[in-house]
Amino acid sequence: MYFIANWKMFGGLNTLNSLHNVEKFLKKFKKNKFTKIIYCPPYTLIRPMSKKLQKSRIKVGAQNCHEAEIPGAFTGSVNPSMLKNVGARYVIIGHSENRRDGEDDKLINRKIKTSLKMGLKVIFCIGETLKEKRKKITKKILIKQIKNGLRNIKTKKNIIIAYEPVWAIGTGLIPKIKDLFLTIAFIKKRMKNVKILYGGSVNPKNIQQLKIIDNIDGFLVGGASQDYKKFIDIIKKTYN
Ligand code: PGA
């Protein structure tokens, strides 16, 4: 099972102290062999975090990247090789908060290609909006996002998909358990041998329901991951 912490635009150097508790937990945790933890802090914390976690099984990832392979005049941007250089091994691409700010499937496709080429593993986010859900076109949207986002990418070995319904992110809402099972199954049928995670308002309470869905390979956790106690709680409860 994957547990990915997406810190979004939160965190300073002082917030790194809590990682020590997650490490301590993981060392003693009976299921640690089956548990992959990846922290995706803001760019500013990637280096200090990866240094702190040098000897740890916890990996570090970024929340986005620029699509250019080589450095260039792109003010404010960071490309995948720069991320790798400071210790990131993963990168989240296609998050709905960035799609909302104008990232389209074509740009996402370029970002994924460059990231894979530079040796990063990609956490590729897909998901429908509330309007699309109401129109009952979720499947169509997911197919479009997968097809365009992964266009001309042959091997899916280093790709993880995170299904994140836009209406579930940061709202406290989660899909109905049966619906979620069916959507994950639908994605899995198309994406053989690819890990499929769920993301959107995952917390220590609703994990009790979510863990029942046996085709999910893990969770992408936003808000609740900033509190290490909640994050550990989510991991523990997933197995119990
Ligand atoms: P949330 O965010 O857990 O705060 O809903 C999830 C995400 O945006 O990845």
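Indexing begins at 1, ligand by ligand and atom by atom, following the structure's order. Every heavy atom of this structure was used, including side-chain atoms; hydrogens, water molecules and symmetry mates were not. Since the model is a prediction, treat every value here as computed from it, not as a measurement.
Closest approach of Leu26 and Asn32 over heavy atoms only: O-ND2, 3.0 Å.
A distance-only check finds a donor-acceptor pair linking the side chain of Gln145 to the backbone of Gly127 [under 3.5 Å]. Judged by distance alone, with hydrogens and angles left aside, the side-chain atoms of Ser96 form no donor-acceptor pair with the main-chain N or O of Val166 at under 3.5 Å.
Remark: minimum distance from atom 3 (O) of ligand 1 to any protein heavy atom is reached at Gly222 N, 2.9 Å. Here the protein heavy atom with the shortest distance to atom 4 (O) of ligand 1 is Gly223 N, 2.8 Å. Summary of contacts: the protein heavy atom closest to atom 2 (O) of ligand 1 is Lys8 NZ, 3.2 Å.
A salt bridge is defined here as a Lys NZ or Arg NE, NH1 or NH2 lying under 4.0 Å from an Asp or Glu carboxylate O, and Asp105 with Arg99 meets this definition.
Shown in contact with Ser201 at under 4.0 Å from a heavy atom are these atoms of ligand 1, numbered in order with element: 1 (P), 3 (O), 5 (O). Within ligand 1, the atoms closer than 4.0 Å to a non-hydrogen atom of Asn6 are 7 (C), 8 (O), 9 (O), numbered from 1 in the order shown. Contact atoms of ligand 1 toward Leu220: 9 (O) (distance under 4.0 Å to a heavy atom of the residue). Less than 4.0 angstrom separates some heavy atom of Gly200 from each of these atoms of ligand 1: 5 (O).
Side chain to side chain, Ser56 and Glu23 meet the donor-acceptor criterion of an N or O pair below 3.5 Å.
In this comparison of His95, Glu97, Glu164, the heavy atom closest to atom 8 (O) of ligand 1 sits on His95.
In this structure, Lys139 satisfies the cation-pi test against Phe186, with its NZ or CZ atom closer than 6.0 Å to the six-membered ring centre and inside 45 degrees of the ring normal.
Contacts between Ile169 and ligand 1 below 4.0 angstrom, taking non-hydrogen atoms only, involve backbone and side chain alike.
Between Tyr239 and Phe29, a ring centre-to-centre spacing shorter than 6.0 Å is recorded.
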